[in-house]
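Below is one structure, written out as structure tokens; comments come after it.
In what follows, chains carry the letters A, B, and so on, assigned in the order in which the sequence lines appear, proteins first and then strands, with residues in each chain numbered from 1.
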Amino acid sequence: MQEYYNFKDVEERWQQHWEENDLFESTLNLDKPEYYTLEMFPYPSGNLHMGHVRVYSIGDVIARFKRMQGYNVLHPMGWDAFGLPAENAAIERDIHPNNWTWDNIANMKKQLESLGISYDWDREVATCHPDYYKWTQWLFLQLYKQGLAYKEAASVNWCPGCETVLANEQVVNDACERCDTEVIEKNLAQWFFKITDYADDLLADHELLEEWPERVKIMQRNWIGRSEGVEIKFPLEELDEELEVFTTRPDTIYGATYMVLAPGHPLVKELVAGNEEEEEVLNFVAEMEEKDEEERTSPESEKIGVFTGSYAINPMTEERIPILVANYVLMGYGTGAIMAVPAHDQRDFDFAKKYDLEIKVVVEPEDKDLSGETLEEAYTEDGVLVNSDILNGLDVEAAFEKIANYMEENNIGSRQVNYRLRDWLVSRQRYWGTPIPVVYCDECGVVPVPEEELPVELPTDVKFTGAGESPLAQADDFISTTCPECGANAKRETDTMDTFVDSSWYFLRYTDPKNDEQIFDSKKSNYWMNVDQYIGGIEHAILHLLYARFFMKFINDLGLADAREPFEKLLAQGMVLKDGAKMSKSKGNVVDPMEIIDKYGADTARLFILFAAPPEKDLEWSDEGVEGASRFLNRVWRLASDYVEQIKELDLDNLELSDLDKKEAELNREIHQAIKKVSADLDERKNFNTAISAVMELVNAIYSYLNDVEEENVELLGTAIKTTILLLAPFAPHMTEEIWFELGYGDSIHQQEWPDYDEEALKKDEITIVVQINGKVRDRVEVDADISEEDLKEIVLSQDKVQEYLEDKEVVKTIVVPKKLVNLVIK
RNA sequence: GCCGGGGUGGCGGAAUUGGCAGACGCAUCGGACUUAAAAUCCGAUGGGCCUUAGUGCCCGUGUGGGUUCGAGUCCCACCCCCGGCACCA
């Protein structure tokens, strides 16, 4: 065995060996328990970055650990290969997106292989491959059949930078999530998926996701934004129509002193027609329309409004209520109109104060009277209803129930659930995506492409000008087709699908990636699904994870899968930072993983990135830390190489370690301690940093044992070293494989059984008990581990130091924590 | 504003159920090896106090209070940082 560890030679050799022997291939095997571990597949930008290294290292540790535990592990990899950068490359550098993407995939695959990640590459998928997107299109057709895919004209977000529409989820602070360009509103006919049909399901099933981080579920809950209320119909004084409003506080209806319409509300024009306020209102509406979304709707901008000159009738009291138009009511939520209750809603309160509108208190705290004149802020807490006729004396909850029932019985209103969540806008005016499989026929209208004609392939001979429309919109050969229903000339849809559609079901395709008859064989997918451990960036908390959950539910409803949730456990890993900031080209703080692998090897890179921080937290890159990881691996290597010849001779599998002296028993204890700690950290806590530190402690213990003894117990030492490399195998797969091989074992270390710890070996004969006096540590005593409480107290009291403290004092209380401490309370 | 997460040495972090705060690593310092250096191995390393240098004392986990024999951990109030949502009726 070489004295120095030559990582280059070792890593390359074993990567090749693993591949040639299909070591990580997973096949359906009903006799073994399965474990499906998956990392979010990457967009093939062409090069790995440290974020990739982190997520794939985490996934690989889990995959290798679970294999050693005896599971049949599925650990696949693929490519989220559609997307804009490919098109931009085509425009800027005249490379076809198809070539650009496949070249990148080849390069990134090579890089992933050099990291030594244990993928079953036979299951590789790429969303841009017709064999894959055929089934994305097939899913679109199923959604269409169920009425869950529809085309509708709506006010949508348009990103001028990407020249396409975006889903709500892809707009962050009114800017495009991808390119940060400010989005503008456009009214366009677009394809939507009816994710709102699943809103309640998506919310309720969070309960099934016990092993998801709470914060991700909360983010999704906020995004879905469910609220229960009542839609109330207010008759209009002048028109023979009703004004519908949505409110979560129908109990405060007696305190409604005015109504507000959003500037874009369809009734505004009718309401002002002929009134003296008409001109002013129409000017106001026009003014609002000119402002952009941000300015008009931000809570910071001032609340402004105008009176329409018209009145509504309060259905409970028959009172006239003035109707206003104001900027603080949004057309996009509820009905675009509200009843304003300034006494009990802060926004209404602010507005009423500004325009001197009536503030009428209808809820009071039990112990205090409120009045509209003296109120300084809206009272939104629970309380007792007053000035509210049939509701007087009730608390808020009871009043809600009573008034809601009353309104439903009297046809005044009905209970409604409102969501913040909008339907998912999936069409994109881009080329490099999955074509939407529909055609437009003058006779038959929108006609879905028959399933047997799938895939609708992307044409390759298109022009990338970068100007104006999508290249597909100019691809006449692609566009002109015949209607599947009547055979007449028809036109193809030229929009493609949001790439989040592609990634919403890829985890199912991995279970049966080469099936050309069906999307997947349910027998196979049901064996593997759901994904036991999913790992990826927190940035997908809403987007990808919500869409994928929606698709899983839909696919379950189609009867194709048993699972209703795709991902059993979720690990949302933190970012990799350098100098406190996310690595980026513009900041010039990028560390290239390939340079690190070249300089230190993949095992070092993996070990460092797993050791530096717990996985869910951000990780600060440290060159010195990398050195440390490298140093540790070399320390292990030296240990093995120094003793390899002696250990080789031993039959470590059938060894009875007996008659250990004190130092030996101590090392033996460290061995089992490490096994216990690493197993628990990997299995339950997913804390790789502390798992690694436990292995380091074992290695330190081996070194100090060797320093301490004249002559080492080779059998014990062999066991210690063997255990060390077994525990280290998931983290540093190459070096441990090489040592394993050098020790004379034939098979791969990655096919070995994970070591078990022996509870007996963990036991100490003598333990240290901490002696506290009034809660402060004052002494320590070494005692037999099985000492009785009485004997322990006696020993503690007899200590010189304790005696000193006890002079002139009295022990009032003695607390004994078995095997840990004794606390004497003295006075 | 609302909802999460967090604040521990010079740094990354550990402390899993309320029981020795600072595991492990980095950095720094000292020693050994060496002609020398690197590498390696061994050791020290939260701050302060002292004619007693110890098996010593005091302080110390964002701040202030509290509960408890005992609090990084629980409770109350507050400050700061990060993330999400934000006129959602």
Side-chain angles (χ1 to χ4, degrees), chain A residues 4 172-173 213-223 225-227 229 245-249 252 260 262 296-303 326-330 332-341 345-348 350-351 418-421 538-539 541-542 574 608 611-614 616-629 631-632 634-635 638 677 680-681 684-685 687 689-697 699-700 703-704 706-707 768-780 799-801 812-826:
Chain A
Y4 296 103
V172 179
N173 294 330
E214 206 54 37
R215 62 172 167 155
V216 173
K217 288 190 271 185
I218 289 168
M219 280 162 76
Q220 292 198 347
R221 203 176 303 140
N222 288 342
W223 187 262
R226 182 182 203 274
S227 59
V245 304
F246 175 75
T247 178
T248 54
R249 293 295 303 275
T252 62
V260 187
R296 190 177 62 231
T297 60
S298 145
E300 275 89 54
S301 40
E302 203 181 355
K303 292 179 175 52
N327 63 339
Y328 78 97
V329 171
L330 311 173
Y333 185 80
T335 61
I338 62 158
M339 64 174 201
V341 185
D345 181 286
Q346 193 57 42
R347 294 154 301 184
D348 297 340
D350 294 343
F351 189 79
N418 249 303
Y419 301 95
R420 217 191 67 110
L421 181 74
I538 185 74
E539 66 274 18
I542 294 169
F608 164 73
F611 179 63
E616 68 281 3
K617 285 182 73 176
D618 286 351
L619 178 155
E620 176 69 26
W621 183 264
S622 153
D623 291 334
E624 292 81 12
V626 178
E627 295 269 0
R631 219 156 24 216
F632 170 70
N634 280 302
R635 195 164 146 89
R638 269 193 306 277
K677 173 75 176 153
D681 278 352
E684 292 137 36
R685 298 207 314 162
N687 270 18
N689 54 333
T690 49
I692 292 167
S693 73
V695 182
M696 287 173 167
E697 283 181 78
V699 172
N700 290 346
Y703 270 90
S704 56
L706 290 171
N707 272 312
T768 307
I769 299 289
V770 167
V771 180
Q772 292 187 340
I773 289 167
N774 288 342
K776 289 197 161 139
V777 182
R778 295 301 181 189
D779 203 2
R780 290 178 176 82
Q799 297 296 306
D800 290 351
K801 277 198 77 169
V812 241
K813 200 171 177 186
T814 309
I815 289 117
V816 179
V817 182
K819 305 202 173 209
K820 279 195 176 142
L821 104 179
V822 175
N823 186 15
L824 302 174
V825 185
I826 64 172

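- Residue K776(A) has a polar side-chain atom (N or O) positioned under 4.0 Å from OP1 or OP2 of C59(B).
- Atom-to-atom distance recorded for D681(A):CG and I692(A):CD1 is 10.0 Å, nearest 0.5 angstrom.
- The two residues A694(A) and K677(A) have their closest heavy-atom pair at CB-CG, 3.4 Å.
- Across the strands present, U63(B) finds its partner in A77(B); the criterion is a Watson-Crick or G-U wobble pair with both atom distances under 3.5 angstrom.
- No engagement by R226(A) is indicated, since no non-hydrogen atom pair under 4.0 Å with the nucleic acid exists.
- D348(A) comes within contact range of no nucleotide atom at all, as no heavy-atom separation falls under 4.0 Å.
- Close to C42(B), at under 4.0 Å from its OP1 or OP2, lies a side-chain N or O of N707(A).
- Taking atom CZ on F246(A) and atom P on C87(B), their separation rounds to 16 Å, with Å as the unit.
- The same atom, C1', is picked in C29(B) and in A77(B); the two are 44 Å apart, to the nearest Å.
- Only the C1' atoms considered, G19(B) is 34 Å distant from C3(B), to the nearest whole Å.
- Heavy-atom minimum distance, Q220(A) versus A541(A): NE2-O, 2.9 Å.
- Distance noted for atom C1' between A71(B) and G62(B): 16 Å (whole Å).
- Whole-Å rounding puts the R638(A) CZ to A39(B) P distance at 11 Å.
- For A14(B) and G25(B), the P atoms lie 15 Å apart once the distance is rounded to whole Å.
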task = Evaluate the criterion side-chain contact (heavy atoms from CB on, under 4.5 Å) for residue pair D348(A) and I338(A); output intermediate values, then yes/no.
result = CA-CA 10 Å; D348(A) 297 340; I338(A) 62 158; 3.6 Å; yes

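- Using a 4.0 Å heavy-atom distance criterion, G628(A) is classed as a sugar-phosphate-only contact.
- Atom-to-atom, OH of Y703(A) to C1' of C24(B) comes out at 16 Å; the value is rounded to the nearest Å.
- In this entry G4(B) has C82(B) as its Watson-Crick or G-U wobble partner, both defining distances falling under 3.5 Å.
- The main-chain N or O of P614(A) is never found under 3.5 Å from a side-chain atom of N687(A) such that the two would form a donor-acceptor pair.
- Proximity note for R420(A) (side chain, C-beta onward) versus G25(B), C42(B), A86(B): the nearest is A86(B).
- Of all non-hydrogen atoms in V825(A) and N774(A), the two that sit nearest each other are CA-OD1, 3.3 Å.
- Distance noted for atom C1' between G13(B) and A23(B): 10 Å (whole Å).
- Among the heavy atoms of the strands lying under 4.0 Å from T247(A) are primed sugar atoms or P, OP1, OP2 only; no base atom is included.
- Comparing G18(B) with G72(B), their P atoms are spaced 13 Å from each other, to the whole Å.
- If N774(A) and G334(A) are placed on RNA chain B by their nearest nucleotide, the residue sitting closer to the 5' end is N774(A).
- Remark: the separation of the P atoms in A32(B) and G6(B) is 47 Å, to the nearest Å.
- Distance M219(A) CE to C82(B) C1': 12 Å, rounded to the nearest Å.
- Of the residues near RNA chain B, E627(A) and I692(A), the one whose nearest nucleotide (by heavy atom distance) lies more toward the 5' end is I692(A).
- When all heavy atoms are compared, the tightest approach of K303(A) to N327(A) is CA-OD1, 3.4 Å.
- A side-chain donor from one of R635(A) and N700(A) sits under 3.5 Å from a side-chain acceptor of the other.
- Note on R221(A): every side-chain N or O is 4.0 Å or more away from OP1 and OP2 of G4(B).
- Between the side chain of N418(A) and the main chain of S227(A), no donor-acceptor pair closer than 3.5 Å is present.
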request  = Can you check each nucleotide of nucleotides 13-23 of chain B against protein heavy atoms at under 4.0 Å and return B for base, S for sugar-phosphate only, - for none, in 5' to 3' order?
outcome  = SSSB--BBS-B

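- Atom OH in Y4(A) sits about 15 Å away from atom P in A38(B), given to the nearest Å.
- Across the strands present, U68(B) finds no partner; the criterion is a Watson-Crick or G-U wobble pair with both atom distances under 3.5 angstrom.
- Using cut-offs of 30° and 60° on the angle between ring planes, the pair F351(A) and Y328(A) is tilted.
- Shown here for W621(A) and V626(A), the closest heavy-atom pair between the two residues is CZ2-CG2, 3.5 Å.
- The nearest whole Å value for the distance from the CD1 atom in I773(A) to the P atom in C69(B) is 17 Å.
- Nucleotides A38(B) and A53(B), compared at atom C1', are 37 Å apart to the nearest Å.
- Base orientation at G9(B) is syn, since its O4'-C1' glycosidic dihedral falls within 90° of 0.
- For C57(B), the paired base is G48(B) (Watson-Crick or G-U wobble, both distances below 3.5 Å).
- Residue contacts shown for V329(A) include a base, since a base heavy atom lies under 4.0 Å away.
- Across all strands, R215(A) comes closer than 4.0 Å only to sugar-phosphate atoms, never to a base (heavy-atom distances).
- Distances were taken from every side-chain heavy atom of R778(A) (C-beta onward) to each of C87(B), C58(B), A86(B); the shortest belongs to C58(B).
- When heavy atoms are screened at a 4.0 angstrom cut-off, Y419(A) is found touching no nucleic acid atom at all.
- Across all strands, N634(A) comes closer than 4.0 Å to no nucleic acid atom at all (heavy-atom distances).
- Regarding contacts with the backbone of A89(B), a side-chain N or O of S227(A) is found under 4.0 angstrom from either OP1 or OP2.
- Across the protein-nucleic acid pair, E214(A) atom CD and G6(B) atom P stand 12 Å apart, rounded to whole Å.
- Taking atom NZ on K217(A) and atom C1' on G84(B), their separation rounds to 16 Å, with Å as the unit.
- Among the nucleotides C69(B), A89(B), C59(B), the one closest to any side-chain atom of K813(A) is C69(B).
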